[in-house]
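Quick note: residue numbers are just sequence positions, from 1. All values reported here derive from a predicted model rather than from experimental measurement.
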Amino acid sequence: MEENLANRSRAELETALRDSSRVLQAMLATQLRSFDDHFQHLLNDSERTLQGTFPGAFGELYTQNTRAFRDLYAELRLYYRGANLHLEETLAEFWARLLERLFKQLHPQLLLPDDYLDCLGKQAEALRPFGEAPRELRLRATRAFVAARSFVQGLGVASDVVRKVAQVPLGPECSRAVMKLVYCAHCLGVPGARPCPDYCRNVLKGCLANQADLDAEWRNLLDSMVLITDKFWGTSGVESVIGSVHTWLAEAINALQDNRDTLTAKVDPAAPQGPSGPTGEAVSEAKAQLRDVQDFWISLPGTLCSEKMALSTASDDRCWNGMARGRYLPEVMGDGLANQINNPEVEVDITKPDMTIRQQIMQLKIMTNRLRSAYNGNDVDFQDASDDGSGSGSGDGCPDDRCGRGTSRKSSSSRTPLTHALPGLSEQEGQKTSAASCPQPPTFLLPLLLSLALTVARPRWR
């Protein structure tokens with residue numbers, strides 16, 4: 001009977017966990033699609049502006065080199081999508097090749113050998129034939145594109161972590177504790193008794209101890225994502241730079257022809273009007289949503305107890321405390337694995353952290369470091385975080401020596417007083433009994449009670 005009820009309890013709790021995770025995943029996915037679409041539309045609009053104005057402004061200087069400009073935008077898209085490109089080198093190569101082509105067009109009377117043109121291209125930065133435009137584009141584009149792609153990738157990593165953690169199975173000790181929480185009152189003939197709130201919290205804090213250890217790095221990631229949104233606005237921000245790439249290209253060609261004033265009038269240097277997307281007020285909403293889910297992992301036990309369980313009121317001294325009707329006296333444990341050493345409801349081995357979750361903690365830390373580098377304008381290797389060798393499952397995958405140390409903001413005593421042990425048991429024996437199984441009713445009642453629990457009593461998980 002206990003095995004059947006334990007399996008059923010585990011399945012119900014795992015379903016409730018997945019449901020809570022799906023809500024968070026949906027929010028992150030919506031933000032990712034919104035920002036990703038907007039950033040790509042900005043770049044697409046810049047290219048369309050270039051294609052619409054450059055033929056009239058620059059004539060054959062553009063029309064005979066359309067592939068070079070098209071390739072530049074293609075490489076900017078690849079870079080934004082996380083391709084293994086170095087943006088500064090990509091831009092330098094573009095300017096070198098463009099100089100070779102335009103110089104030849106501007107001096108058709110000269111018979112210039114290929115090696116001369118190649119040498120000219122290599123000296124583009126020193127000669128500065130395009131004026132300040134290449135340098136300005138390099139400085140601003142690097143910061144803008146790194147900020148944009150790091151933010152979008154951060155959303156992707158956060159969603160992936162939630163998905164993978166939601167798939168971590170619950171252990172047998174948790175299954176027995178949840179069974180006792182949900183079903184044992186029926187077996188003991190008190191089916192109307194609802195679980196005490198603190199009793200439920202202790203059970204789920206023990207069950208979700210490893211998940212709570214995500215809290216510190218999860219907060220660091222979301223803090224870094226909120227911070228980098230400051231780079232989206234202003235003359236050097238993501239909005240302005242990505243949507244105005246064509247402006248620097250126009251200024252560069254103007255400088256090369258040394259008749260900037262005449263040709264600038266033919267190309268509107270203002271940034272194009274971007275498509276509908278994350279404005280300042282949408283970005284503010286996104287920041288608020290990220291802040292709202294910062295405590296997701298440590299709040300899971302309380303959330304599941306309050307939203308998914310038919311709990312008794314906090315003042316009810318006749319609630320189900322795991323042994324009988326009565327007040328639940330043990331204090332609520334802190335958050336995280338280390339704080340479960342004295343959990344009176346779930347036997348937790350704090351020396352064996354879940355390695356899947358430890359790997360996800362490392363992925364959060366890796367992404368946070370990338371975001372911080374991006375905030376400072378530094379280009380970083382944006383290979384998929386899941387391919388990173390760090391945190392690959394070794395026991396050394398705990399950032400900043402966090403293994404074995406809780407992140408609780410609540411104080412808890414080193415020992416939890418045993419207040420509902422069966423008579424005649426020592427404190428240690430009482431803890432093991434209460435954490436492991438239900439009190440046993442008379443044997444002849446087992447078939448009847450099993451039938452009652454499975455057919456009459458509805459599951460408490462909503």
Side-chain angles (χ1 to χ4, degrees), residues 6-33 154-171 173-175 177-179 181-182 194-195 197-222 225 285-286 288-311 332-337 339-340 343 345-346 348 353-354 356-361 363-364 407-410 458-462:
N7 291 336
R8 181 170 179 171
S9 300
R10 182 183 67 249
E12 291 166 357
L13 178 55
E14 288 176 344
T15 298
L17 282 170
R18 285 192 293 269
D19 289 344
S20 296
S21 298
R22 273 194 289 266
V23 173
L24 178 55
Q25 283 182 267
M27 182 274 287
L28 294 170
T30 298
Q31 284 200 18
L32 190 152
R33 284 192 300 270
L155 290 170
V157 168
S159 180
D160 195 51
V161 167
V162 175
R163 178 182 61 82
K164 290 180 178 178
V165 172
Q167 297 171 355
V168 173
L170 301 174
E173 295 82 5
C174 171
S175 300
V178 174
M179 171 198 67
L181 172 73
V182 175
R194 295 185 293 175
D198 286 352
Y199 172 35
C200 181
R201 293 188 185 95
N202 268 346
V203 170
L204 293 195
K205 278 178 178 283
C207 287
L208 305 177
N210 281 283
Q211 286 84 340
D213 280 347
L214 288 156
D215 177 65
E217 293 303 334
W218 178 259
R219 288 176 181 272
N220 288 339
L221 176 70
L222 300 191
M225 291 176 64
E285 181 182 356
Q289 288 179 334
L290 292 176
R291 291 190 177 106
D292 286 343
V293 297
Q294 281 189 323
D295 64 348
F296 177 79
W297 300 110
I298 59 171
S299 66
L300 258 182
T303 299
L304 291 174
C305 284
S306 61
E307 296 182 0
K308 302 293 184 179
M309 282 286 290
L311 294 179
V332 178
M333 296 291 98
D335 302 307
L337 188 62
N339 282 315
Q340 308 311 310
N343 192 310
E345 310 305 336
V346 187
V348 180
D354 182 272
T356 296
I357 292 179
R358 295 292 145 175
Q359 290 169 15
Q360 299 313 304
I361 291 175
Q363 297 311 312
L364 292 172
T407 58
S408 173
R409 292 165 179 75
K410 301 176 182 178
R458 297 178 61 84
R460 294 297 187 92
W461 299 109
R462 296 173 183 168

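From Arg8, atom CZ reaches atom CD of Glu12 across 5.5 Å, with rounding to the nearest 0.5 Å. The CG atom of Leu300 sits 11.5 Å away from atom SG of Cys207, with the distance rounded to the nearest 0.5 Å. The distance from the CD atom of Gln340 to the CG atom of Asn210 is 9.5 Å, given to the nearest 0.5 Å. In this structure, the separation between CE on Met333 and CG on Leu204 is 14.0 Å, given to the nearest 0.5 Å. In this structure, Asn220 CG and Asp215 CG are separated by 9.0 Å, a value rounded to the nearest 0.5 Å. To the nearest 0.5 Å, atom CG of residue Leu155 and atom CG of residue Leu222 are 9.0 Å apart.
Side chain of Thr30 to main chain of Ala26: a donor-acceptor pair is present (N/O by atom type, distance under 3.5 Å, no hydrogens or angles). A donor-acceptor contact shorter than 3.5 Å is absent between the side chain of Gln211 and the backbone of Gly336. Of the possible donor and acceptor atoms, one in the side chain of Asn339 sits under 3.5 Å from a partner among the backbone N and O of Asp335. Using a distance-only test at 3.5 Å, with no hydrogens or angles considered, no donor-acceptor pair links the side chain of Asn202 to the main chain of Asn343.
Across every non-hydrogen atom of Ala158 and Leu221, the tightest pair is CB-CD2, 3.9 Å. Gln360 and Val161 make their closest contact through OE1-CG2, 3.4 Å (heavy atoms, listed as atom of the first residue, atom of the second, distance). Closest non-hydrogen pair, Ala6 versus Ser175, comes out as O-CB, 3.7 Å. Counting all heavy atoms, side chain and backbone alike, Ile357 lies closest to Asp354 at N-OD1, 3.0 Å. Closest approach of Cys305 and Arg201 over heavy atoms only: SG-N, 3.6 Å. For the pair Glu345 and Ala177, the tightest heavy-atom approach, listed with the atom from each and the gap, is O-CB, 3.5 Å.
Using a 4.5 Å heavy-atom cutoff, the side chains of Val346 and Lys205 are not in contact. Side chains of Leu13 and Cys174 form a contact here, defined as non-hydrogen atoms less than 4.5 Å apart.
Residues satisfying the salt bridge (charged side-chain N to carboxylate O under 4.0 Å, His left out) test with Arg10, not counting sequence neighbours, are none.
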Run the side-chain contact (heavy atoms from CB on, under 4.5 Å) check on Val178 and Leu170 step by step: do they pass? CA-CA 10 Å; Val178 174; Leu170 301 174; 5.8 Å; no

Leu304 and Ser20: side-chain contact (heavy atoms from CB on, under 4.5 Å), yes or no, with the steps? CA-CA 8 Å; Leu304 291 174; Ser20 296; 3.6 Å; yes

Just list the side-chain donor-acceptor pairs under 3.5 Å for residues 290-299, sequence neighbours left out, or say none.
from	atom 1	to	atom 2	distance (Å)
Gln294	NE2	Asp223	OD1	2.4
Ser299	OG	Asp295	O	2.7
Ser299	OG	Phe296	O	3.1

